[in-house]
Amino acid sequence: MAREIRITPSILNADFSRLQEEIGKISAVSDLLHLDVMDNVFVPNFTFDFDSASKIIKESSLEVDAHLMVADVDHIAPDYAQAGCASVTIHAEATKDIVGTLREIRKVGSRSGLALKPASQIEDYVDVIDEVDMFLIMTVEPGFGGQKFMTDMLSKISRTRAIIGSRPIWLQVDGGISLQTIEIAADAGADTFVAGSAVFSAQDPAAMVASLRELACKS
Ligand code: DX5
Ligand code: ZN
């Protein structure tokens, strides 16, 4: 059976001064809005505090997939679930209570996501697989949009796909996804694709989402 493909555009490189307009450009053709939350501690960049993020979550015409790149993640992740995110992803490298936090996210009714930086190995997290609704394999070092897709992450994507087996867990990739890279990521087993600069620097962001989806579906 063909895998269901999801495109989750990241607004990191969108124009923050007219965010609703930017989201409106892609809402009809996208599955979720990927919201990158950075605290300038876990990553060397800052995007939103919780209050500003809550406002975006409340006003977004698309359901939100929050990617928390923050040090204090065990404390803040349940708040993002409470704020109405469809999905809340924590970094394995940031959490001190991986099972507890993933369970808290689910308890509120959001999907639980577990993200791995390029140096982290999926094999180290197999024992928490039953707590996870989505694995996020970073294909760049987290912190900035517009970086180059790391092809040496392809084997981690395939290994994650094999570990997932028949479980209904989504496999998301984030970083450098474009018309040039989406097919190889899909071939390796990804089914959920973050794309930031590829979408928001395109002349027609909605057409770009459609083209990315078409390529991913070919795999
Ligand atoms: C990077 C973020 C990404 C970023 C992707 O740390 O997690 O979601 O916005 O941007 P592109 O698609 O430009 O690599
Ligand atoms: Zn992200």
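Remember, it's 1-based here, ligands and their atoms both numbered in the order they're listed. All values derive from a computational prediction rather than experimental measurement.
Checking D51 against S54 by side-chain atom types alone, no donor-acceptor pair falls below 3.5 Å. A donor-acceptor pair shorter than 3.5 Å cannot be found between the side chains of N13 and S197.
Using a 4.0 Å heavy-atom criterion, the residues that approach ligand 1 are S10, L12, H34, D36, M38, H67, M69, M138, P142, G143, F144, G145, G146, D174, G175, G176, V194, A195, G196, S197.
For the pair D65 and S87, the tightest heavy-atom approach, listed with the atom from each and the gap, is OD1-OG, 3.4 Å.
The side-chain tip of K117 points at the ring of F42 from less than 6.0 angstrom away and within 45° of straight on.
Judged as a salt bridge (Lys or Arg N to Asp or Glu O under 4.0 Å), and not counting sequence neighbours, the contacts of E183 are K218. Every residue meeting the ring-ring contact (aromatic ring centres under 6.0 Å, His included) condition with F48, not counting sequence neighbours, appears here in chain and number order: F16.
Under the 4.0 Å criterion applied to side-chain N and carboxylate O atoms, D31 and R213 are assigned as salt-bridge partners.
Within the protein, the N, O or S atoms sitting under 2.8 Å from the Zn ion (ligand 2) are H34 NE2, D36 OD1, H67 ND1, D174 OD2.
Using a 4.5 Å heavy-atom cutoff, the side chains of I56 and K58 are not in contact. Looking only at side-chain heavy atoms (C-beta outward), I182 and I7 come within less than 4.5 Å of each other.
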